[in-house]
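Predicted, not measured: the structure shown is a model, and the values here were computed from it. The basis for the numbers below is simple: all heavy atoms, side chains too, and nothing from hydrogens, waters or symmetry mates. Throughout, numbering of the chain's residues begins at 1 and tracks the sequence.
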Amino acid sequence: MTSVINLRQYRHGELPADFTEMLVDVHADAYADAMDLEFNQRFPWFANHWSNMEGFTCVVGFDEEEPTGFAYGAPLQPGREWWRSTDYKPNNGYSATFAVSEVLVRPGWRKQGIAERLHEALLSERPEDLAVLLVDVTHPKVKDLYDSWGYTKVGEQQPFADSPLYAVMIKNLH
């Protein structure tokens, strides 16, 4: 049976005191099989970094009061867009970019369309021209999912020495 999932939106400067702890707990559950990787262990730093960015937005799905997953990101500064390291050229110079940093759903709630709902809610009111995200190249099913959501792979990059190699994916928002 599919649960009724309610979405709540959070923004920079309006976050509850336990917000980062909630994200860390959901992340630890979603990545339980890979928490021995140092890169995954640094998630609390990433959550704090992103949530302190101007324009940060996060959508969290809840099954009653239980968080089921989240999607978050923030606008990237001009010249710092993740696609800059690729051959991608924005259409007519429209290059304002929103970075989708995380989209994840806890195992007990997967395969119900929750990730897509979180993602759509995250981007629904964005004024930027583009959305960009990174997907581990060793996860072709995840890349295919983002393809089905309108993203196109424009290159690859490894942003940190201990991070995976990622496909850089772009989606036009307007």
Side-chain angles (χ1 to χ4, degrees), residues 1-76 82 97-128 130-136 138-151 159-160 162-164 166-167 169 171 173:
M1 180 170 112
T2 302
S3 305
V4 174
I5 304 300
N6 295 306
L7 304 183
R8 298 180 196 164
Q9 193 166 77
Y10 300 88
R11 297 185 187 280
H12 171 73
E14 304 170 0
L15 303 176
D18 62 347
F19 180 76
T20 300
E21 181 180 328
M22 175 184 60
L23 295 185
V24 168
D25 289 347
V26 171
H27 179 270
D29 189 23
Y31 285 95
D33 294 341
M35 285 307 294
D36 58 329
L37 299 175
E38 186 176 335
F39 186 73
N40 287 336
Q41 293 171 7
R42 289 202 323 258
F43 179 76
W45 180 89
F46 286 107
N48 279 323
H49 170 76
W50 281 92
S51 64
N52 284 312
M53 292 176 72
E54 193 67 37
F56 170 82
T57 303
C58 181
V59 178
V60 181
F62 287 89
D63 183 348
E64 295 185 15
E65 292 303 311
E66 185 73 25
T68 62
F70 58 81
Y72 71 68
L76 295 173
W82 297 342
T97 304
F98 184 83
V100 178
S101 179
E102 293 285 342
V103 178
L104 62 88
V105 175
R106 294 172 62 195
W109 288 271
R110 291 183 181 152
K111 300 194 183 299
Q112 297 181 38
I114 295 169
E116 186 172 14
R117 285 187 59 210
L118 292 167
H119 175 264
E120 286 178 5
L122 179 67
L123 297 180
S124 68
E125 298 176 15
R126 297 306 318 170
E128 293 83 11
L130 305 168
V132 64
L133 56 77
L134 305 177
V135 61
D136 187 330
T138 65
H139 296 117
K141 288 182 180 179
V142 177
K143 183 203 167 287
D144 291 347
L145 179 66
Y146 290 131
D147 285 336
S148 76
W149 294 354
Y151 284 87
F160 302 97
D162 64 342
S163 73
Y166 291 109
M169 301 188 74
K171 175 183 174 123
L173 295 179

Given Asp136 and Val142, is the side-chain contact (heavy atoms from CB on, under 4.5 Å) satisfied, shown in steps? CA-CA 8 Å; Asp136 187 330; Val142 177; over 6 Å; no
Output side-chain donor-acceptor pairs under 3.5 Å for residues 104-111, partner residues at least two apart or in another chain, one line each.
residue, atom, partner, partner atom, Å
Arg106, NE, Asp29, OD2, 2.6
Arg106, NH1, Glu66, OE2, 2.6
Arg106, NH1, Pro67, O, 2.7
Arg106, NH2, Asp29, OD2, 3.2
Arg106, NH2, Glu66, OE2, 3.4
Trp109, NE1, Asp63, OD2, 2.9
Arg110, NE, Val105, O, 2.7
Arg110, NH2, Ala30, O, 3.1
Arg110, NH2, Val105, O, 3.1

Heavy-atom closest pair, residues [X] and [Y]:
X      : Y      : value
Met22  : Val60  : CE-CG2, 3.9 Å
Trp50  : Ala74  : CZ3-N, 3.6 Å
Ala47  : Thr20  : CB-CG2, 4.1 Å
Gly55  : Pro75  : O-CD, 3.5 Å
Cys58  : Leu23  : SG-CD2, 4.1 Å
Pro159 : Pro164 : CD-O, 4.3 Å

Short question: side chain of Thr68, backbone of Gly61 - any donor-acceptor pair under 3.5 Å?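 Side chain of Thr68 to backbone of Gly61, a donor-acceptor pair under 3.5 Å: yes, one is there.
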Sidechain-backbone polar pair: Arg117 side chain, Ile5 backbone, donor-acceptor under 3.5 Å: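 Yes, because the side chain of Arg117 sits within donor-acceptor range (under 3.5 Å) of the backbone of Ile5.
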[X] versus [Y]: any side-chain heavy-atom pair under 4.5 Å?
X      : Y      : result
Tyr151 : Val100 : yes
Arg126 : Thr57  : yes
Phe46  : Glu102 : no

Nearest-0.5 Å distance that lies between atom [atom1] in [X] and atom [atom2] in [Y]:
X      : Y      : atom1 : atom2 : answer
Met53  : Tyr72  : CE    : OH    : 10.5 Å
Phe43  : Asn48  : CZ    : CG    : 9.5 Å
His119 : Leu145 : NE2   : CG    : 9.0 Å

Worked check of side-chain contact (heavy atoms from CB on, under 4.5 Å) between Met169 and Lys143: CA-CA 9 Å; Met169 301 188 74; Lys143 183 203 167 287; 3.8 Å; yes
Could you work out, with side chain to side chain contact (heavy atoms under 4.5 Å, CB included) as the rule, every residue matching Leu15, not counting sequence neighbours?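 In terms of side chain to side chain contact (heavy atoms under 4.5 Å, CB included), with neighbours along the sequence ignored, Leu15 is linked to Tyr10, Phe19, Ser51, Phe56.
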Take Asp25 and Glu21 through the side-chain contact (heavy atoms from CB on, under 4.5 Å) test and state the conclusion after the steps. CA-CA 6 Å; Asp25 289 347; Glu21 181 180 328; 4.0 Å; yes
Do Leu130 and Phe98 pass the side-chain contact (heavy atoms from CB on, under 4.5 Å) test, and can you show the C-alpha distance, the side-chain angles, and the key distance before you say yes or no? CA-CA 6 Å; Leu130 305 168; Phe98 184 83; over 6 Å; no
With sequence neighbours left out, write down each residue that passes salt bridge (charged side-chain N to carboxylate O under 4.0 Å, His left out) with Glu125, or none if nothing qualifies.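 Arg11.
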Just checking Phe62 against Phe70, ring centres under 6.0 Å apart?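 Here the rings of Phe70 and Phe62 have centres that are no less than 6.0 Å from each other.
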For the residue pair Tyr146 and Trp149, does the interplanar ring angle fall in the parallel (under 30°), tilted (30 to 60°) or perpendicular (over 60°) class?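 Aromatic pair Tyr146/Trp149 classed perpendicular.
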